[in-house]
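Inspection log for the structure reproduced underneath, given as structure tokens.
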There are 2 protein chains.
Amino acid sequence: MKEKKNSINDIANSLGVSKTLVSMVINNRGDEYGISKITQKKVWKKVKEVDYKPNLMARSLRLGKSNTIGLIVSDISNSFYSKIARNIERYAEAKGYNLIICSTDEDIPREIRLINMLKDRQVDGIIISSSQKDSAEFDLLIKDKYPFVLIDRYIPGLETNYVGVDNIKGTYDALMHLIKQGYDKIAVFAITPTYITPINDRIVGYMKALMDSGLNYNKNLLKEIPYNNIKHAVKDELKKLLLPKNKINAIFAINNSIAISCIEYFNEMHIKIPEDVALLSFDDIDLFKLTIPTITSVQQPIEEICKQAIDILENQINKNNSNSKYKMQKIILPTNLKIRRSTIV
Amino acid sequence: MKEKKNSINDIANSLGVSKTLVSMVINNRGDEYGISKITQKKVWKKVKEVDYKPNLMARSLRLGKSNTIGLIVSDISNSFYSKIARNIERYAEAKGYNLIICSTDEDIPREIRLINMLKDRQVDGIIISSSQKDSAEFDLLIKDKYPFVLIDRYIPGLETNYVGVDNIKGTYDALMHLIKQGYDKIAVFAITPTYITPINDRIVGYMKALMDSGLNYNKNLLKEIPYNNIKHAVKDELKKLLLPKNKINAIFAINNSIAISCIEYFNEMHIKIPEDVALLSFDDIDLFKLTIPTITSVQQPIEEICKQAIDILENQINKNNSNSKYKMQKIILPTNLKIRRSTIV
DNA sequence: ATGAAAGCGCTAACAC
DNA sequence: GTGTTAGCGCTTTCAT
């Protein structure tokens, strides 16, 4: 059997004082409550002696606060989200929170189960990059005044806390760069479901750039790749798209996973970047600095996203306790275009 | 204020039954306790109606089991560990556990704090890739009969649950491949602290392969790179090492981070792999399939490591409750050499 | 300067 | 078939 840990009661009994007193002391409120210095010393001595550790579970139950927050993303093993996780962990820790991390695999029912699981576990708040299509689940959270903040992806029509980047402008600028380099037949590889807002916004940015440049948008140049079969779908589409008659001279990969599959295919087929076709991606990952050639991409300010998300969440959590107004915050951060060899003639 | 959630008491009162009964029913033990079907129906109806969710915090406190496990690694944003995390999450979930993930940054005091934090939070068990040098902290866990399993890294002299790979043989085989390809002046880039067991074992495997092949080991060919400054240190060492007079024809990178920095340097300096110098790495990551040339590496069976770790941990947790003997398990899995272009003449 | 008692929400032993 | 009671470990109000 696991050794029974000593509780505040054991300390109190072995010292012949009340557990109230012990509680006061170990929470550093001895002076506040006027416990004599000498008694405080006695308590601390015993605490060290038996290596007493308060049971945070019990404390949480009593206080109605778990000092834990939940993070939900589509896949923690994706480079982008693991960087997000690391930064959220860092900022959360600074504020005394621990992190429960969950991956949804873009599965909506699963995401809903995870949200409920986190609530059942009494996490103090949730940070989520949601795959959901509508706001139903979040409306419930809002009704319950449950603290949460969306990151990366937002839900159309839902007024709530959100931290993300300007995907339209980020994409627009990147495409303008591409066009300025002389590329005029640019295909885009999006990912389904396209109702995911950043994906949709990137498509919008793409179209906008084409139009403003007098290139006409051709819907045959927009390929939708299913999330669960990226690798094969990308290759199939590329094979068809890159036939000489199509004269495609650049590809915009809407996220890092798509770009990776493109690179894989280009390598296999000995297709030269950017001579045969240029490549531009969203989401800057380490890999893009290591391939030959290096890959131009739109970088998101991950640190800043995480910092803001935690700040907002913490405010929300504390505001709840102080009964003041539940005010939503939307933060849209700028992206940063990293121009590398894959788009330079 | 956050809405007060309704508790088992509210259900009981509004139905005019005892909370015991409600508890029995919602735990699906109504039949077992002989609660009439009709009462059970009544309870379930009410539960749906008010959307009652049991407070897992309270349940955990009562049951002395949190259904949470902790995962400690050096850095969750490292590709290798994020893959580990994803797989641990998957297998843990299948057994009803959630995951609290922590990164240590190879900081030992920090790691100790994290272990204690997890204990305080009453996690049921810990899975850890430890940076610790000695067994002191783990001796304490063992004394407390606290379930834990080491993965990836073990602590010399500590008899405990462990799941990892045969680093010596994995490296030995990889080096033999390299030597068979004709490379005879092979430098190794290790990482400090070298007391980390897999690193040390890989060095051993390297030396063994050299000796068995009649190549003499030269300690100038072993470079130690500090964990917190990999990029610069690798470049500095490479610059010196690759001078023509040294005649180095192959580099063994002891983990993926080192390999990444090597590739970066090679690209910058237009050094050709494998013509100018061959490159072999430990830890297969996606990136190695995408670079030009592709990189040969020693692959660890991540899925299997995670599955075994969870199985052992779960056994340990349950064994504790059943008072039977605390038996340790050591699992050493084979690696898989992925031969790619970076080592083929 | 300290303690008694109540209660957070839940489960389980034991009644009836 | 169902209810009473005790208690998991903690904090807090109210006494003294």
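Letters go in sequence order (proteins before strands), and every chain restarts at 1.
Paired runs in DNA chain C that reach 3 or more consecutive Watson-Crick or G-U pairs, where each pair keeps both distances under 3.5 Å, cover C:1-16 with D:1-16.
For the pair B/Leu56 CG and C/dT11 C1', the computed distance is 14 Å after rounding to whole Å. In this entry the distance linking CG of A/Asp120 with C1' of C/dG9 reads 13 Å, nearest Å. Rounding to whole angstrom units, CD of residue B/Glu32 and P of D/dG1 are separated by 15 Å. If you measure from atom NZ of A/Lys65 to atom P of C/dG9, you get 17 Å, rounded to the nearest angstrom. Taking atom CG of B/Asp10 as the reference point, atom C1' of C/dG9 lies 10 Å away to the nearest angstrom. Whole-Å rounding puts the B/Asn13 CG to D/dT2 P distance at 17 Å. Atom-to-atom, CG of A/Leu15 to C1' of C/dG3 comes out at 14 Å; the value is rounded to the nearest Å. Note: CG (B/Asp31) to C1' (D/dT2) measures 15 Å, nearest angstrom.
Salt bridge B/Lys119/B/Glu137: absent, no basic N to carboxylate O contact under 4.0 Å. Ion pairing between B/Arg86 and B/Glu89 holds under the 4.0 Å rule for side-chain N and carboxylate O. Note on A/Lys307 versus A/Glu304: no salt bridge recorded, every NZ/NE/NH1/NH2 to OD/OE distance being 4.0 Å or above. With respect to the salt-bridge test (charged N to carboxylate O, under 4.0 angstrom), the residues B/Lys143 and B/Asp139 do not qualify.
Residue B/Gly30 is out of contact with every strand shown, counting any heavy-atom pair closer than 4.0 Å. At a threshold of 4.0 angstrom between heavy atoms, the contacts of B/Leu21 are confined to the sugar-phosphate backbone, with no base atom among them.
Between D/dG9, C/dT11, C/dG9, one nucleotide has an atom nearer to the side chain of B/Leu63 than all others, and that is C/dT11. Of the candidate nucleotides D/dA6, D/dT2, C/dT2, D/dA6 has the atom lying nearest to any side-chain atom of B/Arg62. Residue A/Lys19 has its side chain nearest to C/dA6 when only D/dT2, C/dT2, C/dA6 are considered. When distances run from any side-chain atom of B/Asn55 to the nucleotides D/dG9, D/dG3, C/dC10, the shortest one goes to C/dC10. Between C/dG3, D/dC10, C/dT11, one nucleotide has an atom nearer to the side chain of B/Ile8 than all others, and that is C/dT11. Out of C/dT2, C/dC10, D/dT4, the shortest distance to the side chain of B/Arg59 is found at C/dC10. Closest to the side chain of B/Thr39, from the set C/dA12, D/dT2, C/dC10, is D/dT2.
Side chains of B/Asp10 and B/Tyr52: a donor-acceptor N/O pair is absent below 3.5 angstrom, by distance only.
Remark: the backbone N or O of A/Asn67 is paired with a side-chain donor or acceptor of A/Asp124 at under 3.5 angstrom. The closest donor-acceptor contact from the side chain of A/Asn27 to the backbone of A/Arg29 lies at 3.5 Å or more, if one exists at all.
When the side-chain nitrogen and oxygen atoms of B/Asn9 are compared with OP1 and OP2 of C/dC10, none of them lie within a distance under 4.0 Å. Of the side-chain N and O atoms in B/Arg29, one or more sit less than 4.0 angstrom from OP1 or OP2 of C/dA12. Remark: A/Ser60 is not in phosphate contact with D/dC10, judged by side-chain N or O atoms under 4.0 Å from OP1 or OP2.
In this structure, B/Ala58 and B/Met24 both approach DNA chain C, and ranking their closest nucleotides by distance from the 5' end singles out B/Ala58. For B/Lys37 and B/Leu61, each mapped to the nucleotide of DNA chain D holding its nearest heavy atom, the one lying further toward the 5' end belongs to B/Lys37.
Across residues 41-54 of chain A, A/Tyr52, A/Pro54 each have a non-hydrogen atom less than 4.0 Å from an atom of DNA chain D (numbered order).
Taking the six-membered ring for Trp and thresholds of 30 and 60 degrees, B/Tyr154 and B/Tyr162 have ring planes more than 60 degrees apart, a perpendicular arrangement.
No side-chain heavy atom of A/Leu118 sits under 4.5 Å from any side-chain heavy atom of A/Thr68.
Enclosure of atom NZ in B/Lys45 is not indicated, since only 12 or fewer non-hydrogen atoms of other residues, nucleotides or ligands lie within 6.0 angstrom. Counting non-hydrogen atoms of other residues, nucleotides and ligands closer than 6.0 Å to NZ of B/Lys41 gives a total of 12 or fewer.
At a cut-off of 3.5 angstrom, counting only N and O atoms as typed in the model, there is a donor on one side and an acceptor on the other between the side-chain of A/Thr20 and the base of D/dT12.
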